[in-house]
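Working notes, structure below.
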Amino acid sequence: MLHRARSFFAAALSLFLFSNLARAAALDEAQALSQADPADYANVYDKDLASATLGSQPQVTQAELKQMMLSDLDSVRAMIAARYAPAGWKKEQYGWDLDAQVQKAKDQINSSAAFGVKDYQLLLKNLLNSMKDYHVSVSFHSTELAMLPLSVTEAGGRYFISGINRKALPENVFPFKAGDEVVSFDGKPVAEAVAELNRRAGVDAVPGTDAAMAAMLLTVRSGTTADAVPQGPVSIGIKPAAGGEAVQFPLKWLYSPEFIAPQPFVTNKGAQVVRIPMSWLGLMMVQTLAAPGFEQASYGLGNKDGFLPDFGEKTWSAPADNGFRAYVYKSAATGRNIGFVRIPTYMVSEPAKMTLDFINLVEEFNKRADALVIDGTNNPGGIVLYLYALASTLTDRPLAVPQHYISLTQSDVAEAINFIKQTAGAKTDQDAQAMLGPDVAGYRVDLELLQNWTGFYLDTVKQWNAGRTITTPLPPFGIAAVKPAPGPRYTKPLLILTNPLDFSGGDFFPAIMQDNKRAVIFGERTAGAGGVVKDYKRENNLLGVETIKLTATIAQRADGSPIENLGVKPDVPYAVTPADVQNGYADYIKAADAAVNALIK
């Protein structure tokens, strides 16, 4: 059996589990680390071994370090040139030029008298951010982390507390609440502090999304993303929603030190001493920095409950063991029964189980709801076939999906040829399931699916042989349209809620529904992370670079336009206001309720 076919999902799920472990490690771990002495870390090593190897490595001069950086930039340039599918779009849209950006980075290194590893890491981050692509990112080897036990969100150009960890900040110590406005941060107007975060990172893509992401980074910084990691006291100016003057409140960063000791040359002081081929196509997700321990940070990306309160009096709620927040409410305006379900992420550890949970909800909504609201806000994306599995339960006709220009290498072609050979004998649904399993990420396996996959791989081989390193538009895995699920399906009106923190799969789900005229989109434009991400491990040792993520495809919607940078525009625009944040989103809920009721004939 070719259950190796699921290897990609094992890798994908490991990313998900790591992310959740990072959240759950919480404040306790951060507090413990903040009290640790980096010198204690050396105690885990054998002292004799340490002394025996001490000085065995030659010292690196500043000139040698610079040459190492310049060589690494050449390697990064070659990687991007071979694999970055949206390059042509970026040049057309923004005038972006890879060679010009690499030369700019090299000039910065060469013109500096002393350029350290941390400088290089920030430079590389800025180089990648020049692509204006939320999928593209770099991570570094670092243990340094600082956070504050609260989270912040942006609305209408202003910034508000969205979550408070009451374990660290009990109410008698921190008498503020979600919805109170943050007016200053570390002695500066908060908008200025946010702008500085974006400037340091070289971020300048979609203003609304940039501002929302920077607001999240106000209270959590990490060396893994080349942030300047603060420590010590910080003062935050907070204006209560109930009124009154702003109050300066002192906090202290919970700081975890850098345990990866710098080498002498990293300072700024000058010279010192079945398997599924192309399985990466199955993951559309943006890398985000999750702040651990935020039990009440409902505005976080992928949070199960989300930031919206109930839309009205509930007449039914999903059972506790269901993986989704879902209910039916009675519309205060019309008295109709409206369903509500939140899809927080497409990156789940048990996609088959979650798909079954969603099908169970569909059965209830069919019986109880005249229309359905899907909360897709703050969705970072995830597993493509799981997204398709959910979509298949919301339609009675095939849903055409975006096609992709896909970058190819010899490795992709070799894998495709092997898959075609290994699956050539499949003649029935049972044969296909024997090779791939009964489902892939919740999406049902049958002979048609396997034949689509084989046809897709055959197309990629033909295009490579025709001299193409980027294909013409193709549907990943040959799935040109999502078929209606064989079981229960919800076919009544749909309203999908979106916002600027919907990335990747969070862009694609509303795009599919909008292009097929299956749903009306309400809210704000999505981020526009419009392709599939591929990870590249960097084994360059001394510069600390761990992984670079590149967008290896660029997707095309039904009208020929890309999702990249453009996102999905709502049919019913509504921008969250400061009043929404401070007053329980009352106006937002009223507007969304009116929009969903308008869909009912």
Side-chain angles (χ1 to χ4, degrees), residues 23-24 26-31 34 145-197 211-221 229-255 289-301 303-310 377-378 499 501 575-589:
R23 291 173 188 265
L27 222 44
D28 293 338
E29 182 177 346
Q31 286 171 327
S34 70
L145 173 72
M147 67 179 190
L148 300 174
L150 55 87
S151 55
V152 176
T153 188
E154 183 269 346
R158 294 159 62 188
Y159 296 83
F160 302 89
I161 295 174
S162 59
I164 303 168
N165 188 296
R166 288 300 183 189
K167 180 179 179 181
L169 292 175
E171 200 162 357
N172 64 329
V173 172
F174 189 75
F176 303 101
K177 64 182 189 306
D180 288 348
E181 184 174 3
V182 178
V183 296
S184 66
F185 193 91
D186 203 18
K188 303 171 185 173
V190 66
E192 183 179 326
V194 167
E196 282 188 9
L197 285 174
M213 294 184 73
M216 297 169 69
L217 289 175
L218 271 177
T219 56
V220 56
R221 319 281 177 84
V229 182
Q231 52 183 305
V234 60
S235 179
I236 301 179
I238 304 172
K239 185 176 181 180
E245 296 297 316
V247 177
Q248 290 294 321
F249 194 91
L251 289 172
K252 184 177 180 180
W253 287 100
L254 291 168
Y255 177 75
L289 182 61
F294 283 3
E295 287 88 345
Q296 298 185 31
S298 59
Y299 209 84
L301 296 186
N303 181 273
K304 176 185 175 182
D305 293 330
F307 60 88
L308 293 170
D310 293 341
T377 59
N378 289 22
N499 74 346
L501 289 176
V576 171
T577 67
D580 285 320
V581 177
Q582 295 187 321
N583 298 311
Y585 295 88
D587 292 340
Y588 182 105
I589 290 172

What heavy-atom pair brings [X] and [Y] nearest, and what distance separates the two atoms?
{"X": "Pro230", "Y": "Ala146", "answer": "O-CB, 3.2 Å"}
{"X": "Gly156", "Y": "Glu154", "answer": "N-OE2, 3.6 Å"}
{"X": "Ala214", "Y": "Leu197", "answer": "O-CD1, 3.7 Å"}
{"X": "Ala211", "Y": "Tyr159", "answer": "CB-OH, 4.0 Å"}
{"X": "Asp580", "Y": "Ala575", "answer": "OD2-O, 4.3 Å"}
{"X": "Pro578", "Y": "Ala155", "answer": "CG-O, 3.6 Å"}

Inset, instruction - Determine the sole option in Asn378, Val152, Leu501 for which the side chain to side chain contact (heavy atoms under 4.5 Å, CB included) test with Met216 is passed. - result: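 By the side chain to side chain contact (heavy atoms under 4.5 Å, CB included) criterion, Met216 pairs with just one of Asn378, Val152, Leu501: Leu501.
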Inset, instruction - Could you tell me the separation between the NZ atom of Lys239 and the CD atom of Glu245, rounded to the nearest 0.5 Å? - result: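 It is 7.0 Å, given to the nearest 0.5 Å.
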Inset, instruction - Say whether, by atom type as modelled, one donor and one acceptor occur between the side chain of Thr219 and the main chain of Leu150 under 3.5 angstrom. - result: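 At least one qualifying donor-acceptor pair exists.
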Validation row: [X], [Y] side chains within 4.5 angstrom (heavy atoms):
{"X": "Val576", "Y": "Phe160", "result": "no"}
{"X": "Val247", "Y": "Ile238", "result": "no"}
{"X": "Val220", "Y": "Leu145", "result": "yes"}

Inset, instruction - For side chain to side chain donor-acceptor pair (under 3.5 Å), just list the numbers for Ser151 and Ser162, CA-CA rounded to whole Å, side-chain angles, deciding distance to a tenth of an Å, and then say yes or no. - result: CA-CA 5 Å; Ser151 55; Ser162 59; 3.0 Å; yes
Return a table of donor-acceptor pairs under 3.5 angstrom between the side chains of residues 173-186 and protein atoms on other chains or two or more places apart.
from	atom 1	to	atom 2	distance (Å)
Asp180	OD1	Ala241	N	2.9
Asp180	OD2	Lys177	N	2.9
Glu181	OE1	Arg158	NH2	2.8
Glu181	OE2	Arg158	NE	3.0
Ser184	OG	Gly237	N	3.1
Ser184	OG	Gln248	NE2	3.0

